[in-house]
Amino acid sequence: MSLIFGSLLVAALYVVLLSRHKKAATGQLTLMNSLALVETALQPEGSVLVQGELWRARARAGLTVERGARVLVVGTSGHLLEVEPAPLGVPSLTET
């Protein structure tokens, strides 16, 4: 009996740990107009670092954006961010 209880406890802890790594579905709204740093070149899809998290992203209008460039989050489609190159007057990103 204790073996079954122990197995169930381990399985429950595993599920709890996995759930902490999922992106919140409601977080999309807080990402709008956020600055992001391109981690993997957007051709037009790649990845960006925004608010300390790595997200899949697509450059609007099929643009190619190189790694290290700053982009602005202008939309979302599920967990895929739509981004545009950041305007020139936008202050640089700060590392946290």
Side-chain angles (χ1 to χ4, degrees):
M1 188 65 159
S2 64
L3 181 61
I4 294 172
F5 179 75
S7 297
L8 289 174
L9 181 62
V10 168
L13 288 172
Y14 181 73
V15 169
V16 167
L17 289 174
L18 285 179
S19 69
R20 296 186 54 81
H21 293 289
K22 287 188 175 182
K23 292 177 175 59
T26 59
Q28 297 174 16
L29 297 177
T30 63
L31 296 177
M32 292 297 294
N33 298 316
S34 293
L35 282 177
L37 184 65
V38 177
E39 286 291 313
T40 305
L42 306 177
Q43 300 175 340
E45 287 191 21
S47 61
V48 298
L49 187 63
V50 58
Q51 296 181 3
E53 291 186 344
L54 195 61
W55 286 80
R56 286 184 38 231
R58 178 186 311 129
R60 278 209 172 155
L63 298 173
T64 296
V65 182
E66 298 300 321
R67 184 178 193 274
R70 292 180 301 137
V71 291
L72 187 65
V73 178
V74 294
T76 61
S77 176
H79 287 287
L80 180 70
L81 302 181
E82 296 176 4
V83 298
E84 293 179 348
L88 292 176
V90 175
S92 61
L93 296 170
T94 57
E95 294 296 321
T96 57

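Index from 1, following the sequence. If you're wondering where the values come from, they're calculated on a predicted model, not measured in any experiment.
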Within the supplied structure, the quantity of interest is the number of heavy atoms (other residues, nucleotides, ligands) at a distance under 6.0 Å from Leu13 CG; does it exceed 12? yes
State, to 0.1 Å, how close [X] and [Y] come at their nearest heavy-atom pair, and which atoms those are.
X	Y	answer
Val50	Ala36	CB-CB, 3.8 Å
Gln51	Thr30	NE2-O, 3.3 Å
Ser77	Glu82	CB-OE2, 4.0 Å
Pro44	Gly62	CB-CA, 3.8 Å
Ser47	Leu42	N-CD2, 3.7 Å

Quick one: which residue pairs count as a salt bridge (Lys or Arg N to Asp or Glu O under 4.0 Å) with a foot in residues 36-50, not counting sequence neighbours? Glu39-Arg67, Glu45-Arg56, Glu45-Arg58
In the structure I gave you, are the side-chain heavy atoms of [X] and [Y] within less than 4.5 Å of one another anywhere?
X	Y	answer
Leu72	Leu35	yes
Val83	Val65	no
Val73	Trp55	no

When rounded to the nearest 0.5 Å, the distance separating CE of Met32 from CG of Leu81 is 9.5 Å
Not counting sequence neighbours, which residues clear side chain to side chain contact (heavy atoms under 4.5 Å, CB included) with Thr64? List them please. Gln43, Glu66
